[in-house]
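Structure below; questions to follow.
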Amino acid sequence: GIQVEQSPPDLILQEGANSTLRCNFSDSVNNLQWFHQNPWGQLINLFYIPSGTKQNGRLSATTVATERYSLLYISSSQTTDSGVYFCAVERSPGANSKLTFGKGITLSVRP
Amino acid sequence: GAGVSQSPSNKVTEKGKDVELRCDPISGHTALYWYRQSLGQGLEFLIYFQGNSAPDKSGLPSDRFSAERTGGSVSTLTIQRTQQEDSAVYLCASSLVLGPTEAFFGQGTRLTVV
């Protein structure tokens, strides 16, 4: 099946710093989502971004599907950004209609 | 509903007992998915529904696991004769249609088998 690798596995930032989280995948995809898992375990949708660039406030994401990677940018980080960030992809063509998740990136933002 | 709703939020059960986990998807979403998150395995896909139909059950970990969906809405995941390795957070998601569309997750059910 498709492989999803996220890096770095852990990231510690001082409040106000910027960061880039990376997601590499091993095959063509027709769906890519970034999630933030909050301390209560819920997966919060950040971006649905199979290709192109999107921005939402301090967060932005870029997916270069032809080169099989996606980047999530966090600017002016806040303590509330702490948690685990997951990238999930659906292989193209969508034979199984399932998302395959990376192992996640644990972000800690220090005040 | 406004979001995907799962119940119960937490469930502690004795080894060997059966459990039922419930998922109420976003209103109007035809596709529904079950995932499991455990410490050693990360997030793994279990099963999906298109309407009431589950075409592929191969992601279910064993024959003790079953799932159904009725009326194109609520789904239940049943685990029979629970084992300690079944302890995990069970997450449900729904999307408007099956295929490459945005999926939205519920808050999960944390299952602990003692």
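Chain letters run A, B, ... following the sequence lines, proteins first, then strands; residues in each count from 1.
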For the interface with chain B, which of A:Asn31, A:Ile44, A:Leu32 has the highest count of heavy-atom pairs at distances below 4.5 Å?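 Going by pairs under 4.5 Å, I would pick A:Asn31.
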So for atom CZ, which belongs to B:Arg64, do other residues, nucleotides or ligands contribute more than 12 heavy atoms lying within a distance under 6.0 Å?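 More than 12 heavy atoms, drawn from other residues, nucleotides or ligands, come within 6.0 Å of this atom.
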Counting heavy-atom pairs closer than 4.5 Å to chain B, which one of A:Gln42, A:Gln37, A:Lys103 comes out on top?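 The candidate making the most pairs under 4.5 Å is A:Gln42.
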What part of A:Leu99 gets closer than 4.5 Å to chain B, counting heavy atoms only: side chain, backbone, both or neither?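 When you check distances to chain B, atoms from both the backbone and side chain of A:Leu99 fall under 4.5 Å.
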Side-chain polar contacts of residues 105-114 of chain B - donor-acceptor pairs under 3.5 angstrom, sequence neighbours left out - could you list them?
unit_1: B:Gln107; atom_1: OE1; unit_2: B:Gln6; atom_2: N; d: 3.4
unit_1: B:Gln107; atom_1: NE2; unit_2: B:Gln6; atom_2: O; d: 2.8
unit_1: B:Thr109; atom_1: OG1; unit_2: B:Pro8; atom_2: O; d: 2.5

Can you confirm whether A:Glu5 is buried at CD, in the sense that more than 12 heavy atoms of other residues, nucleotides or ligands lie under 6.0 Å from that atom?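 Open.
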More than 12 heavy atoms of other residues, nucleotides or ligands under 6.0 Å from CD of A:Gln14: yes or no?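 It does: A:Gln14 CD has more than 12 such atoms within range.
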B:Gln50, part contacting chain A, at a heavy-atom distance under 4.5 Å: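 For B:Gln50, there is no contact with chain A at all, as no heavy atom is under 4.5 Å.
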With a 4.5 angstrom heavy-atom cut-off, could you sort out which part of B:Leu91 is near chain A: side chain, backbone, both or neither?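 Just its side chain gets close to chain A.
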Top residue by heavy-atom pair count (under 4.5 Å) with chain B, among A:Tyr48, A:Phe47, A:Trp40?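 Maximum pair count with chain B is reached by A:Tyr48.
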Which atom pairs, one a donor and one an acceptor, fall under 3.5 Å between side chains of residues 92-104 of chain B and the rest of the protein, sequence neighbours left out?
unit_1: B:Ser94; atom_1: OG; unit_2: B:Ile26; atom_2: N; d: 3.4
unit_1: B:Ser94; atom_1: OG; unit_2: B:His29; atom_2: ND1; d: 2.8
unit_1: B:Ser95; atom_1: OG; unit_2: B:Tyr33; atom_2: OH; d: 2.8
unit_1: B:Ser95; atom_1: OG; unit_2: B:Val97; atom_2: O; d: 2.8
unit_1: B:Thr101; atom_1: OG1; unit_2: B:Val97; atom_2: O; d: 3.0
unit_1: B:Glu102; atom_1: OE2; unit_2: A:Asn45; atom_2: ND2; d: 3.0

